[in-house]
Participant: 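Supplied in structure tokens, the structure appears directly below.
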Amino acid sequence: MNRPVRIEVGSGERAYPVWVGSGLLAAEDLIEPLLRGRQLLLVSNETVMPLFGERLDWLRRRREVAIEVLPDGEAHKTLETAARLFAALARLGAQRDAAVLALGGGVVSDVAGFAASVWMRGIDFLVLPTTLLAQVDAAIGGKTAVNLPEGKNLVGSFHPPRAVCCDLDTLRTLPEREYRAGLAEVVKYAAIRDAEFFTWLETSAEALLAREASALAEAVLRSVSHKAEIVTRDERERGERALLNFGHTFGHALEAAGGYRELLHGEAVAIGMRWAARLSERLGLASREHTLRLDRLLGRLGLGLSAPSHSPEVLSAHLRLDKKARSGRLRFILWRGIGEAFLAEGVDVAAVEAVLGEAPGTL
Ligand code: NAD
Ligand code: GLY
């Protein structure tokens with residue numbers, strides 16, 4: 001990809017660009033104009049900083065830069081880490097025009113974004129996402145969060161970034177498992193609203209697995225465009241944004257049942273999407289042909305080939321606790337087929353439990 005592509009998210013004061021391209025970390029001319037004040041807190045982690053930190057050396061030429069390198073892992077997406085970032089901002093003497101810049105995956109951007117959203121009631125936040133999942137999902141849409149012992153993402157805010165720069169080159173070093181987990185979110189956009197994109201993914205699966213530059217650029221661009229369109233219309237998840245949870249209600253239940261140690265988020269979502277398709281079929285909403293196409297595509301991407309065996313009762317209990325269950329009624333994102341997802345309220349519990357019962361053996 002020779003020139004970066006700009007995709008606009010949001011409108012009015014909350015609008016921001018997402019740039020997608022190669023070599024963006026070193027693109028001083030692109031990033032520099034986005035910084036308003038002199039002070040900058042760069043937040044990364046112990047895995048990502050050694051890989052890409054040097055590419056941002058130019059930042060120091062004109063700014064006062066503090067760097068916080070966090071330990072790696074979801075276990076550090078906490079209030080304690082946010083407090084560490086507040087202390088760093090205080091040492092920096094960060095004023096209202098200071099910025100927080102996140103370099104890393106969704107864990108880094110969620111906690112750094114949260115810190116930026118509450119420091120002096122909100123300062124600029126820029127994201128340089130380095131995982132596929134963060135480029136196509138976590139970095140876009142303004143959701144920030146930290147976890148509590150009581151649950152994931154329980155404390156957070158909506159704080160749109162000032163800009164997001166997706167440097168496709170960073171995806172080269174991503175471990176295979178993380179890369180494939182990110183592909184699950186790419187498939188999700190096609191599954192919920194773009195049948196043509198789904199067909200493209202079917203023809204491009206091998207190129208994507210090989211991380212061929214043009215296929216990767218196309219997949220990221222199309223995914224970012226879908227997320228941008230949805231969050232522009234529904235930032236606060238009052239309607240359409242809920243479609244992004246296709247496969248997630250089941251996925252969250254699987255993640256929670258496994259204590260968040262068995263599966264990566266995208267892996268759980270892949271199984272969840274297969275279950276959502278089966279549930280749609282069982283309820284007479286979609287035909288088997290669509291389930292099979294989803295199964296085949298995910299299978300070729302090495303996703304959801306087996307599910308950890310938790311009993312339907314345990315999974316069902318987690319489903320009821322999910323934040324998408326309102327007033328005891330189960331809410332799911334289901335589909336009428338590829339590209340046609342919708343929010344279904346009051347889904348029949350027996351049908352859900354039947355799907356949970358059959359799934360591990362048939363995936
Ligand atoms: P992650 O941030 O844990 O990154 C995955 C792993 O890859 C980590 O070990 C990380 O250090 C490493 N890594 C990152 N970039 C790398 C690179 N270029 N090369 C080599 N290794 C690299 O996980 P993730 O999947 O990016 O994000 C998951 C988090 O995102 C979860 O906390 C989830 O709740 C959150 N999330 C937020 C949103 C949102 O809208 N805010 C949406 C989806 C997910
Ligand atoms: N990842 C779901 C959302 O951003 O709403």
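The residues of the chain are indexed from 1 along the displayed sequence. Keep in mind it's a predicted model, so treat the numbers as computed, not measured.
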Participant: Does E80 come within less than 4.0 Å of R84, counting only side-chain N to carboxylate O?
Facilitator: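 Looking at R84 together with E80, the answer is no, because their closest N to O distance does not fall below 4.0 Å.
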Participant: Please report the C-alpha distance between H310 and E262 in whole Å, then the side-chain angles of each, then the deciding distance to 0.1 Å, and finally whether the side-chain hydrogen bond (donor to acceptor under 3.5 Å, both in side chains) criterion is met.
Facilitator: CA-CA 11 Å; H310 297 289; E262 286 176 343; 2.8 Å; yes
Participant: Give a yes or no on whether the ring-centroid distance for F246 and F332 is below 6.0 angstrom.
Facilitator: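 Centroid distance F246-F332: not below 6.0 Å, so no.
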Participant: Please determine whether residues L30 and I7 belong to a single hydrophobic cluster, defined as Ile, Leu, Val, Met, Phe, Trp and Tyr linked transitively by side-chain heavy-atom distances below 4.5 Å.
Facilitator: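 No, L30 does not connect to I7 through the hydrophobic network.
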Participant: Would you find a donor on one side and an acceptor on the other, under 3.5 Å apart, between the side chain of N45 and the backbone of V69?
Facilitator: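 No.
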Participant: With a distance cut-off below 6.0 Å to the six-membered ring centre and an angular limit of 45° from the axis, does R336 pair with F342 as a cation-pi contact?
Facilitator: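 Positive - R336 is close enough to the ring of F342 and near enough to its axis.
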Participant: When L103 is tested against each of T170, L56, V108 for side chain to side chain contact (heavy atoms under 4.5 Å, CB included), which residue passes?
Facilitator: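 The residue from T170, L56, V108 that satisfies side chain to side chain contact (heavy atoms under 4.5 Å, CB included) with L103 turns out to be L56.
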Participant: Would you name the heavy atoms of A270 and A184 that are closest together and state the gap between them?
Facilitator: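 Where A270 meets A184 most closely, the heavy atoms are CB-CB, 4.3 Å.
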Participant: Are V314 and L319 connected in the hydrophobic side-chain network, where two residues link if heavy atoms are under 4.5 Å apart?
Facilitator: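 V314 does not cluster with L319.
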Participant: Does the pair K188/E185 count as a salt bridge with the N-to-O cut at 4.0 Å?
Facilitator: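 Yes, this pair counts.
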Participant: Compare every heavy atom of L132 with every heavy atom of L174, then report the nearest pair and how far apart it is.
Facilitator: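 Of all heavy-atom pairs spanning L174 and L132, the closest is CD2-N, 3.5 Å.
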Participant: Keeping the roles fixed (side chain from D234, backbone from G239), state whether a donor-acceptor pair exists under 3.5 Å.
Facilitator: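 Checking the backbone N and O of G239 against the side chain of D234, a donor-acceptor pair under 3.5 Å is found.
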Participant: For residues 111-123, which residue pairs qualify under side-chain hydrogen bond (donor to acceptor under 3.5 Å, both in side chains), counting only residues two or more places apart or in two chains?
Facilitator: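 Listed by first then second residue: S117-S157.
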Participant: Are F250 and L279 side-chain neighbours, meaning at least one heavy-atom pair lies under 4.5 Å?
Facilitator: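 Answer yes - side chains close enough.
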Participant: Using modelled atom types only, decide if a donor and an acceptor are shared between the side chain of R162 and the backbone of A99 within a distance under 3.5 Å.
Facilitator: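 No, R162 side chain to A99 backbone: no donor-acceptor pair under 3.5 Å.
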Participant: Tell me, please, whether Y179 has R211 positioned over its six-membered ring: NZ or CZ under 6.0 Å from the ring centre and within 45 degrees of its axis?
Facilitator: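 Satisfied, under 6.0 Å and within 45°.
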Participant: Hey, is E267 close enough to R177 for a salt bridge, meaning N to O under 4.0 Å?
Facilitator: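 Yes.
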Participant: Does any N or O in the side chain of Y189 come within less than 3.5 Å of the main-chain N or O of S225, such that one atom is a donor and the other an acceptor?
Facilitator: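 It does not hold such a pair.
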Participant: Is there a side chain to side chain contact (heavy atoms under 4.5 Å, CB included) between I338 and L294 once you walk through the steps?
Facilitator: CA-CA 8 Å; I338 290 161; L294 181 67; 5.7 Å; no
Participant: Taking the side chain as every heavy atom from C-beta outward, state whether R274 and V269 have any atom pair closer than 4.5 Å.
Facilitator: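 Not in contact.
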Participant: Inspect the surroundings of CZ in R14 and state if more than 12 heavy atoms from other residues, nucleotides or ligands are less than 6.0 Å away.
Facilitator: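 Correct, the count exceeds 12.
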Participant: Do H265 and H252 touch side chain to side chain, with heavy atoms closer than 4.5 Å?
Facilitator: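 A side-chain contact exists here, since the closest heavy-atom pair is under 4.5 Å.
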Participant: Would R320 and E353 pass as an ion pair if we require N to O under 4.0 Å?
Facilitator: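 Salt bridge present between R320 and E353.
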Participant: According to the side-chain hydrogen bond (donor to acceptor under 3.5 Å, both in side chains) rule, which pairs have a member within residues 122-134, sequence neighbours left out?
Facilitator: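 For residues 122-134: R36-D124.
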Participant: Taking 4.0 angstrom as the limit, do R300 and E206 come out as a salt bridge?
Facilitator: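 Counted as a salt bridge, because a side-chain N and a carboxylate O are separated by less than 4.0 Å.
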Participant: Will you find, in the side chains of D169 and S22, an N or O donor that is under 3.5 Å from an N or O acceptor?
Facilitator: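 Yes, a side-chain donor-acceptor pair sits under 3.5 Å.
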Participant: Does a side-chain heavy-atom distance below 4.5 Å link V224 with V5?
Facilitator: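 No, every pair of side-chain atoms sits at 4.5 Å or beyond.
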Participant: Would you say that L70 contacts V107 through its side chain, given a criterion of any heavy-atom pair below 4.5 Å between the two side chains?
Facilitator: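 The answer is no; the side chains never approach within 4.5 Å.
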Participant: Please state whether the rings of H290 and W335 are parallel, tilted or perpendicular, taking 30° and 60° as the class boundaries.
Facilitator: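 Perpendicular.
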Participant: Could you tell me whether the side chain of Q95 and the main chain of G93 form a donor-acceptor pair under 3.5 Å?
Facilitator: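 Yes; at least one donor-acceptor contact below 3.5 Å.
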Participant: Taking NZ, NE, NH1 and NH2 as the nitrogens, is one of them in R172 or D167 under 4.0 Å from a carboxylate oxygen of the other?
Facilitator: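 No, R172 and D167 are not salt-bridged.
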Participant: I'd like to check L40 versus L126 (side-chain heavy atoms, cut-off strictly below 4.5 Å). Are they in contact?
Facilitator: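 They are not in contact (no side-chain heavy atoms under 4.5 Å apart), so the answer is no.
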Participant: Run the salt-bridge test on E229 and R193 with the 4.0 Å N-O cut-off and return the result as yes or no.
Facilitator: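 Yes, charged N to carboxylate O under 4.0 Å.
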Participant: Under 3.5 Å, side chain of Q135 to main-chain N/O of P129, donor-acceptor pair present?
Facilitator: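 Yes.
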Participant: Can you tell me if R63 uses its side chain to pair, donor with acceptor, with the backbone of G37 under 3.5 Å?
Facilitator: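 It does hold such a pair.
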Participant: Between K143 and E237, does at least one N-O distance fall below 4.0 Å, as a salt bridge requires?
Facilitator: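 Salt bridge between K143 and E237, a charged N being under 4.0 Å from a carboxylate O: yes.
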Participant: Write down the atom of A145, the atom of K77, and the distance for their closest heavy-atom approach.
Facilitator: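 Taking A145 first and K77 second, the nearest heavy atoms are O-CE, 3.6 Å.
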Participant: Heavy atoms, side chains only, cut-off 4.5 Å: are L25 and C165 in contact?
Facilitator: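 Not in contact.
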Participant: Go through R278 and D295 one step at a time and tell me if the salt bridge (charged side-chain N to carboxylate O under 4.0 Å, His left out) criterion holds.
Facilitator: CA-CA 10 Å; R278 280 167 174 66; D295 275 354; 3.0 Å; yes
Participant: Report yes if some heavy atom in the side chain of K227 is under 4.5 Å from a heavy atom in the side chain of I230; otherwise report no.
Facilitator: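 Contact flag for K227/I230 side chains = no.
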Participant: Is it true that E74 and R261 make a salt bridge, defined as a side-chain N closer than 4.0 Å to a carboxylate O?
Facilitator: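 Salt bridge between E74 and R261, a charged N being under 4.0 Å from a carboxylate O: no.
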Participant: Around atom CD of E54, are there more than 12 heavy atoms of other residues, nucleotides or ligands at under 6.0 Å?
Facilitator: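 It does not: E54 CD has 12 such atoms or fewer within range.
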Participant: Is there a side chain to side chain contact (heavy atoms under 4.5 Å, CB included) between T81 and V146? Walk through the geometry before answering.
Facilitator: CA-CA 9 Å; T81 301; V146 294; over 6 Å; no
Participant: With a 3.5 Å distance limit and no angle check, can you tell me whether H159 reaches the backbone of I123 through a side-chain donor-acceptor pair?
Facilitator: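 Yes: the side chain of H159 pairs with the backbone of I123.
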Participant: Is a donor on one side and an acceptor on the other found under 3.5 Å between the side chain of T203 and the backbone of W200?
Facilitator: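 Yes, because the side chain of T203 sits within donor-acceptor range (under 3.5 Å) of the backbone of W200.
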